[in-house]
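Below, chains carry the letters A, B, ... as their sequence lines are ordered, and counting in each starts from 1. Bear in mind the structure is a predicted one, so any value in this text is a computation, not a measurement.
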Amino acid sequence: MRHLFALVDCNSFYASCEQVFDPRLKGRPVVVLSNNDGCVIARSAEAKAVGIRMGQPFFEQQELILRHGVQVFSANFTLYGDMSNRVMEVLRQFSPHMEIYSIDEAFLDLRGFRGNLEEYGRRIKSTVYRWTGIPVSIGIGPTKTLAKIANRISKHHLDTKGVFDITDHPEIDRLLEAVAVGDVWGIGRRFVKFLNSRGVTNARQLRDLPDKFVKQQMTVVGLRTVTELRGQPCLRLEDLAAFKKNLLSSRSFGRPLTERSEMEQAVAEYAALSAEKLRRQRSLASAVSVFIETDSFRQGPQYGNFATAGLAVPTAYTPEIIRAAEAALAKIWLPGYIYKKAGVLLSQVIPESDFQLDVFAYDGGIRIKRSLMKAMDAVNQRWGRNTVYYAAQGVQRPWGMRQKRLSKRFTTRWEEIPTVKA
DNA sequence: TCTGGGGTCCTAGGACCC
DNA sequence: TCTGGGGTCCTAGGACCC
């Protein structure tokens with residue numbers, strides 16, 4: 001049977017989440033900032049219209065923001081994660097097979113669907129909006145890459161009303177010619193530069209390039225993209241959530257660090273965060289790496305380094321991960337620098353089930369460690385992150401994130417649930 | 001002038017995504 | 001004053017083996 005994909009993408013997702021819980025924000029320019037209130041990472045349509053740029057530092061756009069009365073929010077990932085789950089639950093009702101591609105996007109498998117696809121898409125769109133308050137756009141096509149393009153078209157052309165099907169479109173060439181080559185999924189900055197230098201500027205030209213040339217210059221990855229543009233699927237729907245082979249927790253500090261004791265706390269904090277992610281996907285790690293770096297935007301001596309410490313036995317036990325992280329940090333720590341960022345990477349990750357214990361041998365206390373972690377995760381799940389934590393993570397945390405404009409956790413904390421006054 | 005022919009595994013780095 | 005965070009896949013090249 002012929003393949004058919006729908007890509008459902010939430011419009012200005014983070015900004016839309018903020019708008020759901022404060023109706024006064026509807027129709028007004030809204031932006032959401034990255035951690036530490038650094039860059040703009042989401043903009044409502046109105047914010048785009050007044051010229052706020054994506055990924056640009058907040059302070060550079062402050063004048064524009066003031067002039068247009070743009071509402072500004074610190075990133076509230078607890079809220080966005082929960083809203084994402086709600087949207088995905090609604091989508092699940094419209095197709096037996098679905099791939100959650102990112103926090104705000106999902107592919108639906110529509111193979112074998114009979115009837116008017118765009119009409120079906122509009123039903124999906126209005127149901128998601130009514131049940132969650134989040135507006136979405138939907139692109140439909142015979143390959144994921146074409147569904148992505150159809151999605152772009154649905155966003156840019158008002159007459160599509162947010163849903164566009166590109167399958168067997170009579171004017172496919174004209175449509176693809178209107179898509180810049182850099183807007184094709186899988187074509188990044190480097191290849192745009194290369195392709196432009198060869199006179200290839202739009203998706204239609206890319207589609208019509210000879211296989212041999214594409215493979216030579218852009219590897220099999222590029223060839224897949226081109227083949228998909230021709231309507232021949234190379235990428236399947238990935239039903240199951242991908243098992244992560246690396247888990248990274250890293251963060252810039254709210255203010256720079258110079259003391260080793262503070263760096264140790266920050267690294268312990270990120271190690272604990274990574275260990276939590278590890279347990280969430282029921283896995284164990286055998287290697288812990290740490291990196292630290294100074295602020296490249298500032299003048300002054302720069303330093304950055306990376307080191308790994310192995311674990312004798314694969315584990316997800318926070319104290320063991322913290323200990324390994326501190327061993328790795330010891331290898332690279334140099335005093336005298338002003339540090340801005342650090343991170344902890346867990347690798348050689350395996351499913352918990354691959355590591356079976358010998359029933360008769362001493363288990364190294366693993367059962368107790370497991371129950372302890374389970375209890376800790378449950379408490380933190382119920383009462384909020386870091387309700388219980390290790391002393392190594394520090395109590396004061398002067399280096400913690402700046403989040404001056406955080407909205408409430410409307411959907412995950414009873415104390416912060418919105419109330420309606422009569 | 002000559003310096004085999006494979007194969008596997010690992011790592012670093014590049015490119016991309018949201 | 002102020003510049004995000006977290007992933008994946010592929011390739012090339014080196015080490016090592018027979």
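A straight line from CD1 of A:I103 to P of C:dG7 spans 13 Å, rounded to a whole angstrom. The separation between A:Y80 atom OH and C:dG6 atom C1' is 17 Å, rounded to whole Å. Put simply, CG on A:D37 is 12 Å from P on C:dG5, counting in whole angstrom units. Rounded to whole Å, the distance from CG on A:N246 to C1' on C:dG6 is 10 Å. Separating the CG atom of A:L345 from the P atom of C:dG7 is a distance of 8 Å, rounded to the nearest angstrom. Straight-line distance from the OH atom of A:Y14 to the P atom of C:dG6: 11 Å, rounded to whole Å. Straight-line distance from the CZ atom of A:R224 to the C1' atom of B:dC16: 12 Å, rounded to whole Å. Distance NZ (A:K215) to P (C:dC10): 12 Å, rounded to an integer number of Å.
Using a 4.0 Å heavy-atom distance criterion, A:L33 is classed as making no nucleic acid contact. A:Q56 comes within 4.0 angstrom of no nucleic acid atom, judged by non-hydrogen atoms across all strands. Using a 4.0 Å heavy-atom cutoff across all strands shown, A:D295 reaches no nucleic acid atom at all. Nucleic acid contact for A:V192: none, since no nucleic acid atom lies under 4.0 Å from a heavy atom of the residue. No engagement by A:F58 is indicated, since no non-hydrogen atom pair under 4.0 Å with the nucleic acid exists.
For A:F113 and A:Y120, the distance between ring centers is under 6.0 angstrom. You'll find the ring centres of A:F107 and A:W185 inside the 6.0 Å limit.
Nearest-nucleotide mapping onto DNA chain C: of A:P256 and A:V220, the residue sitting toward the 5' end is A:P256.
Looking only at atom types and distance, the side chain of A:N151 has no donor-acceptor partner in the side chain of A:S137 under 3.5 Å away. Between the side chains of A:S44 and A:E46, at least one donor N or O sits under 3.5 Å from an acceptor N or O.
Between C:dT1 and A:R402, no contact under 4.0 Å exists linking OP1 or OP2 to a side-chain N or O. Look at A:K404 and you won't find any side-chain N or O under 4.0 angstrom from OP1 or OP2 of C:dC2. Neither OP1 nor OP2 of B:dC17 sits under 4.0 Å from any side-chain N or O of A:K148. Not one side-chain nitrogen or oxygen of A:S296 sits closer than 4.0 Å to the OP1 or OP2 atom of C:dT3. Residue A:K341 has no polar side-chain atom (N or O) positioned under 4.0 Å from OP1 or OP2 of C:dG4.
Closest to the A:N36 side chain, of the nucleotides C:dG5, C:dC10, B:dA15, is C:dG5.
With a 3.5 Å limit on both pairing distances and Watson-Crick or G-U wobble geometry required, the stems of 3 or more pairs in DNA chain C span B:5-18 with C:5-18.
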Please evaluate residues A:R92 and A:E89 with respect to the criterion salt bridge (Lys or Arg N to Asp or Glu O under 4.0 Å), reporting the C-alpha separation (whole Å), side-chain torsions for both, the decisive distance (0.1 Å), and the verdict.
CA-CA 5 Å; A:R92 211 176 283 288; A:E89 281 317 302; 3.7 Å; yes
